[in-house]
Amino acid sequence: MKDQKGHIATQDPETVISIRNLYKAFGDNKVLNGFNFDLKKGENVVVLGKSGSGKSVLIKCIIGLIQPDKGTINVLGDNVPDLNTTQLDEMRVKVGFLFQSNALYDSMTVRENLEFPLRRHWIHTSKEEVNELVMEVLRNVGLPHTVDMMPSELSGGMRKRIALARTLILKPEIILYDEPTTGLDPITGKEISNLMVDMQKKYNISSIIISHDLNCVKITANRVVMLIDGTCYATGTYEELERATDSKVKQFFE
Amino acid sequence: MKKLFIEIGLIARFTGRFFTELFKPRFEFNEFLRQCFYIGNKSLPLVAITAFIMGLVITIQSRPTLVEFGAEAWLPKMVSVSLVREIAPVITALICAGKIGSGIGAELGSMKVTEQIDAMDVSGTNPYKFLVVTRVMGTTLMIPLLAVLADTVSLYGGYLGANIRGVVSWDLYWNQVFDTLVYGDVMPSIIKTFFFGFAIGIIGCYKGFNSNKGTEGVGQSANSAVVISSLLVFIIDLIAVQITDIFNLN
Ligand SMILES: Nc1ncnc2c1ncn2[C@@H]1O[C@H](COP(=O)(O)OP(=O)(O)OP(=O)(O)O)[C@@H](O)[C@H]1O
Ligand SMILES: [Mg+2]
C-alpha cells in the first residue's frame, strides 16, 4: 500500500501505464522476473520477444486477466492487481485489448460482435446511436459491407480488422495489441499496421504492441522494448536497437 | 488413480463455483432463454423418435412372456412402469449427454482456445455467469421437460405395440396406464432427471472451460464430456433407485 501511494505521488501525469517489479511464474516456469516499464501518453511502444517469453502474459496482467505474483501495474492512476470487479470493468472501458486469435464470437454476427462491449459495459445509448457507432468503426476499418456477416464468412485479414473495430468502439485511451499482424500476408500486415497508426492519430490512443513482424515494428513503433528472460532487457528506437551490438538484441534484427 | 481424484476435486470445485455465481446479481436471462430454446429445439426430435421406438419395442418384446403366463392383460401395466420409471428418463439423459453435453464441451472449448472467453471478461461480462450458469440452468430445466415428453411419447409407442398383435382399445390402454402409475413412480423419475440435466451441463462446461490449446483439445473436451456425463447418468440412476427403495416410494 505504501509502495502504491509513493508511486502515485511521483507519477508523471504524462505516464499512462507504469509497471514496477512485475513477477509471474506458472509453477516452476518463471515467466516474468522483475519487469519494469513505462508508457507515455500518445506513445506507441512495441514489445519484442521470443515465442513463449511471456509477452501475452505481460499484457494480460495489465488488463487484469492474469493476476501477477508480485509488483505494481499502474494504469491511469490505479494499481490493477488491487482493483475489484467493478473497478476492473471501469478500467477495461478505457483500455482496449486486441487478442492474438481475434476472439470474435463465432455465434454472433459482426454487428452483434461490435455491439457486445457497448451493451455489456452498460454504455447507455439509443438504438440509432449504437448503430451509428457500429457503422463508424466499420467505416474506419474499411468494412461497412460486412455488418450482417458471420465471422466464419470473413478472411483472416478481415477478421483482424473487425476485431480492431470491436476494440475501437469503446473509444479507449490505451490499446494493447497482441500480435496484430501474425498470420497475415506481408501486404495485409502492412495495411493493418498503417490502420493502427491512423487510428492512433485520429483518436490520440497510446498503445503497447506485441509483435515479431519487423515491418509492423518499423511502421508503428515510437519505441521498442526487448522482453528477454522476463525482464525489460533493452529499450530504444527501432534504429538504435537495430545498430545494437548486444548479441541477444542482435538476434531479432537479422 | 491419483489423476482421477484430482479430476473429481476439480469438478467439485467447479460445481461449488456454480452455486456461488448463481446467487450473485445480474442473472443473464436472455442468454438463459436462448440456451433453453436451443437445448429443447436441438434434441426434441431425436428424443421423441427414440422414446417412441423404445415404447414400441419394449411392448412387443414383453408380450410373449406375459402370454406364456396367461397375463396378457397386464401388458400396459408392466410396460408403463418400466418406461416411465427407467427407460424414458435414462434414454433422454443419454441422448442429451451425447448431443447437448458434447455441444457445450466443443463450443466452450473452442471459445476458450480462441480467447473468446477472455474477450468476454474484458467486455464487462463474467464469462462464468454468462456461459456456465445459463447453460447449466438450461440443461437442468430442459432435460426434465424432455423426459416428460419422452414418457408420453413412449407410452404412445407402447399403445401401438400392444395393438400390433393383440387388441387393446385406446381407452382401456390409458385407463390401465393411469391406474398403474402412482405418484411414487412418476415423481422420483422426474426428480432424478433434474440431476441428470445438472450433471450433463456441469460436465460439458467443465470440460470446455478446461480445454487444452489447439483443435485436438476441443475434440477431446467434447469427447470426454460425453463419456463422463453418460457415466454420471448411470451413477445418479443407481443412487436414485437406492433412495426410492429405502424410502419405500414404490
Ligand atoms: N494460463 C497459463 N498457465 C500456465 N502457463 C502459462 C499460461 N499462460 C502462459 N503460460 C506459459 O507462460 C509462458 C509465456 O507464454 P506467453 O503466451 O506469454 O508467450 P508469448 O511471448 O506471448 O509467445 P507467443 O509469441 O508464442 O504468443 C509460456 O511458457 C506458457 O507456457
Ligand atoms: Mg502471445
Side-chain angles (χ1 to χ4, degrees), chain A residues 52 56-57 59-67 80 84-108 112-124 151-152 156 159-160 162-164 166-167 169-170 172 174-176 178-179 183, chain B residues 6 17 20-21 23-35 37-39 41-42 100 103-135 138 205 208-215 217-218 221-222:
Chain A
S56 299
V57 171
I59 56 172
K60 284 186 177 166
C61 286
I62 297 175
I63 199 85
L65 283 172
I66 293 179
Q67 189 74 14
V80 176
N84 63 27
T85 325
T86 326
Q87 293 166 322
L88 262 183
D89 282 343
E90 284 165 14
M91 184 270 281
R92 286 163 175 176
V93 174
K94 293 180 268 178
V95 183
F97 196 108
L98 186 73
F99 286 89
Q100 191 164 354
S101 46
N102 301 330
L104 295 177
Y105 306 121
D106 293 325
S107 58
M108 303 182 195
E112 287 163 343
N113 262 287
L114 296 177
E115 286 174 351
F116 192 87
L118 286 179
R119 296 202 187 292
R120 306 300 303 189
H121 278 300
W122 296 99
I123 297 173
H124 292 283
S152 55
R159 280 190 223 183
K160 191 63 86 183
I162 300 296
L164 181 57
R166 191 176 65 183
T167 312
I169 202 163
L170 292 171
I174 304 172
I175 299 185
L176 311 175
D178 198 350
E179 306 198 9
Chain B
I6 291 175
R17 182 155 173 217
T20 51
E21 300 274 0
F23 297 109
K24 276 193 204 157
R26 205 171 159 199
F27 186 69
E28 308 282 355
F29 200 70
N30 284 337
E31 179 67 11
F32 167 67
L33 285 185
R34 211 174 69 84
Q35 285 305 322
F37 174 75
Y38 183 71
I39 293 165
N41 195 31
K42 204 171 160 189
I100 312 290
I104 293 176
E107 185 190 11
L108 297 196
S110 73
M111 289 186 79
K112 163 90 185 186
V113 302
T114 58
E115 300 176 299
Q116 291 174 52
I117 291 180
D118 283 343
M120 286 201 164
D121 213 337
V122 171
S123 297
T125 302
N126 177 343
Y128 198 97
K129 276 199 85 82
F130 191 84
L131 299 171
V132 177
V133 173
T134 54
R135 279 166 177 74
C205 290
F209 248 57
N210 293 293
S211 189
N212 291 324
K213 284 258 176 208
T215 29
V218 176
S221 306

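Nothing here was measured: the structure is a model prediction, and the numbers come from that model. So you know, we letter chains A, B, ... as the sequences are listed, proteins then strands, and number each from 1.
Of the inter-residue distances, the one linking B:N126 atom CG with A:T85 atom OG1 reads 8.0 Å to the nearest 0.5 angstrom.
Interface remark: A:Q100 contributes backbone and side-chain atoms alike to the contact with chain B (heavy atom separation under 4.5 Å). For A:L170, no part lies near chain B; criterion is any non-hydrogen pair under 4.5 Å.
Taking each heavy atom of B:S123 and A:Y105 in turn, the nearest pair found is OG-OH, 4.0 Å. Here the shortest heavy-atom pairing between A:D89 and B:D121 reads OD1-O, 4.3 Å.
Looking at residues two or more places apart in sequence or on another chain, you find a ring-ring contact (aromatic ring centres under 6.0 Å, His included) between B:F130 and A:F116.
Within a 6.0 Å sphere centred on CZ of B:F27, other residues, nucleotides and ligands contribute more than 12 heavy atoms. Remark: B:N41 CG is packed, more than 12 non-hydrogen atoms of other residues, nucleotides or ligands lying under 6.0 Å away.
Between the side chain of B:E115 and the backbone N or O of A:S101 there is at least one donor-acceptor pair closer than 3.5 Å.
Residues B:Y38 and A:S107 fail the side-chain proximity criterion, which asks for heavy atoms closer than 4.5 Å.
The greatest number of non-hydrogen atom pairs below 4.5 Å with chain B, out of A:K60, A:M91, A:R92, A:R119, is found for A:R92. In terms of heavy-atom pairs under 4.5 angstrom with chain A, the leader among B:V122, B:V113, B:I117 is B:V122.
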